[in-house]
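Inspection log for the structure reproduced underneath, given as C-alpha cells.
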Amino acid sequence: MTDTAKPASQSIDFSAINKSTANSFNEQKNLIKKLFKGNRVDCQICKQPLQLVVPTEKAQTGHYGVFCKKGCTDIELEIELL
C-alpha cells in the first residue's frame, strides 16, 4: 500500500499564484487604459509601439485587442457589440 499524499513541503501556494495573476491582469488593464487615452505604449520585448484594435462602424468583426507588429504582445479583447 502506497501513500499518494504530497508532503507539506511540496504543497502549492495558491495565494502566490492568485497574487501573480491579479498583478498581471492589473498591468494589462492599465496598459489598455493608456492606449484608449491615446498615449504611446511600447512593447516590452521589441520596443515597437503597441496598437489598439477596436471595432469601427465599417468593420465590426475580427480580432480586437492590443498587438505589436512582431507579435510579441498579443492581448485579445472580448468586445460585445450592441
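Counting begins at 1 with the first residue of the sequence.
Not counting sequence neighbours, Ser24 has no partner by the side chain to side chain donor-acceptor pair (under 3.5 Å) test. For Asp42, the side chain to side chain donor-acceptor pair (under 3.5 Å) test picks out Arg40, with sequence neighbours left out. Under the side chain to side chain donor-acceptor pair (under 3.5 Å) criterion, Gln51 pairs with no residue, sequence neighbours left out.
With Ser20 contributing its side chain and Ala16 its backbone, the two residues share no donor-acceptor pair below 3.5 Å. A donor-acceptor pair is defined here as one N or O able to donate and one able to accept, closer than 3.5 Å; no such pair exists between the side chain of Asn39 and the backbone of Leu35.
Note on residues 13-34: no pairs pass salt bridge (charged side-chain N to carboxylate O under 4.0 Å, His left out), not counting sequence neighbours.
Around CD of Gln44, the count of heavy atoms belonging to other residues, nucleotides or ligands within 6.0 Å does not exceed 12.
Between the CG atom in Leu52 and the OH atom in Tyr64 there is a gap of 12.0 Å [rounded to 0.5 Å].
The hydrophobic cluster containing Ile45 does not contain Leu50, counting ILVMFWY residues as joined when their side-chain heavy atoms lie under 4.5 angstrom apart, directly or transitively.
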Under 3.5 Å, side-chain donor or acceptor atoms of residues 69-77 against the rest of the protein: list the pairs with distances, not counting sequence neighbours.
{"residue": "Glu76", "atom": "OE2", "partner": "His63", "partner atom": "ND1", "Å": "3.2"}

Subject >> Worked check of side-chain contact (heavy atoms from CB on, under 4.5 Å) between Val54 and Phe36 >> reply: CA-CA 10 Å; Val54 295; Phe36 266 113; 4.0 Å; yes

